[in-house]
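The block underneath contains the structure these notes are about, expressed in structure tokens.
Chain identifiers are assigned alphabetically (A, B, ...) following the order of the sequence lines, protein sequences preceding nucleic acid strands; residue numbering begins at 1 within each chain. Note that the structure is predicted; figures quoted are calculated from it, not measured.
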2 protein chains.
Amino acid sequence: MTDEASTPETEVLSLLPSRLRTARRDKGLSLDAVAKLSGVSRSMVSQIERGESSPTIATLWNLTRALQVDFAGLLEGVDEPAGIEVLRNANVPLIANAGQGCSIRILSPPEEVGRHEVYDIRFQDSGILDSAPHKRGAREHLTVISGNVRIKAGDKVEMLGPGDTARYPVDQPHTISAEAGPAQVFLVVQDA
Amino acid sequence: MTDEASTPETEVLSLLPSRLRTARRDKGLSLDAVAKLSGVSRSMVSQIERGESSPTIATLWNLTRALQVDFAGLLEGVDEPAGIEVLRNANVPLIANAGQGCSIRILSPPEEVGRHEVYDIRFQDSGILDSAPHKRGAREHLTVISGNVRIKAGDKVEMLGPGDTARYPVDQPHTISAEAGPAQVFLVVQDA
DNA sequence: GAGGAAAATCCAAAATACCGGATTTCTGTT
DNA sequence: AACAGAAATCCGGTATTTTGGATTTTCCTC
């Protein structure tokens, strides 16, 4: 798959992989199960769900049959929820065991994975979060709420204090760490 | 493209080619023009429109942008018109200069081209309509309204009188002609 | 009908989707 | 921790899509 620039127009396409994966998981099906149901191989289903290959409409059609999702609807843009969506503090999903001395709160809905992910990250003193490279074109937008933070992206390093914001490409290894005392940051990951 | 049997489920897919071609022609665009607009090669557009290849969704997406058609809508089944559709006699599109001594009235809507075309054909005495082979699997269903008609499909020949009906494959050259005096026939072309 | 320009199709090379088995990752159990 | 079983990813080879240019067809104009 040629890695197309993600202009606003192509956003529907880049949304498709996560939608398929979500649909499958919601039904509690394994890749293997879907493969048998649809006649599409495990590997293909996996690649498609990871956005590593652009299926032919014939293949996609077979998948929609197996997953019992609406073909037309799959390609439609997200319909913004009508009213105000509220995610209460107490209900925020939490990743406790990422990195060392840090906990990650997931603020964006599963549908948005891969497009626009929002996290609230809390570091203990000297807490550190190491991340593997995401796919080319992905960027992170980070704002410090409190504390002092050190950002390392590739071979570049920056120090940030409260209120500071950094944006950087993450198609390379990158690290966020609290420097003197605990810290809290807001992180937006684009096009991961 | 693996030639999938056209079970009811796959019919949406087989509808896509003609829809694309119709959309392009309605805009008065050439293959070349669409190619330049969409970034998809002439050849590909041609193959897709003829149903000879199953495009990837990326390719199809680019085409829909160029043709300004709704991606989602393209794959949806035809929604049967709500009430009763009436096509008045006076408004029936006419092909006057096909064959010799015959005129063709087109009774089916443009959307249906390639699936299910209906014609009312009038022959003068000794009128004749010669047709090139359609694609494999295509069949014609012909009923004689009045007069006497001679059908030739490949190397088979049949004579039909008023009320007679013939069905025959048309993936081969075929000819319809009026034998003694004028004639009128009803013709349904399937999967052309 | 002959000639010429535009449009559609054909063709061989390149890129990419697709498959099935091997490998790795994940998850829960002793 | 180590293991077992399941699930997902990786990796070859094959089939299909995709492309750019050559060829054929269509359709005007003279």
Figure out the [atom1]/[atom2] separation between [X] and [N], and round it to whole Å.
X        : N       : atom1 : atom2 : value
Leu63(B) : dT19(D) : CG    : C1'   : 14 Å
Asn62(A) : dA17(C) : CG    : P     : 17 Å
Ile57(B) : dT17(D) : CD1   : P     : 15 Å
Met44(A) : dG13(D) : CE    : P     : 17 Å
Glu52(B) : dT17(D) : CD    : C1'   : 13 Å
Ile48(B) : dT17(D) : CD1   : P     : 9 Å
Gln47(B) : dT19(D) : CD    : P     : 10 Å
Glu49(A) : dA8(D)  : CD    : C1'   : 10 Å

Just jot down the salt bridge (Lys or Arg N to Asp or Glu O under 4.0 Å) partners of [X], sequence neighbours excluded, or say none.
X        : result
Asp32(A) : Lys36(A), Arg42(A)
Asp26(B) : none
Lys27(A) : none

Residue-level proximity of residues 24-42 of chain B to DNA chain D when a heavy atom falls under 4.0 Å |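 Residues of residues 24-42 of chain B that come under 4.0 Å of DNA chain D are, in numerical order, Gly39(B), Val40(B), Ser41(B).
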Taking only side-chain N and O atoms of [X], does any of them lie within less than 4.0 angstrom of OP1 or OP2 on [N]?
X        : N       : value
Thr56(B) : dT18(D) : yes
Ser43(B) : dC11(C) : no
Arg21(A) : dA7(D)  : no

Check side-chain contact (heavy atoms from CB on, under 4.5 Å) between [X] and all other residues, then give those that pass, not counting sequence neighbours.
X         : value
Asp125(B) : none
Ser126(B) : none
Thr56(A)  : Ala58(A), Thr59(A), Ser54(B), Thr56(B)

Could you tell me which non-hydrogen atom of Glu49(A) sits nearest to which non-hydrogen atom of Leu31(A), and how far apart they are?
->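 So the two residues come closest at OE1-CD2, 3.8 Å.
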Any ion pair linking Arg150(B) and Glu158(B) (charged N to carboxylate O, less than 4.0 Å)?
->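 Looking at Glu158(B) and Arg150(B), the cut-off is not met.
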Taking five pairs at each end, how big is the angle between the two axes of the helix from dG1(C)-dC30(D) to dT30(C)-dA1(D), to 10°?
->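 Here the local axes at opposite ends form an angle of 30°.
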What residues form a side-chain hydrogen bond (donor to acceptor under 3.5 Å, both in side chains) with Gln184(B), not counting sequence neighbours?
->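 Only Asp120(B) meet the side-chain hydrogen bond (donor to acceptor under 3.5 Å, both in side chains) criterion with Gln184(B).
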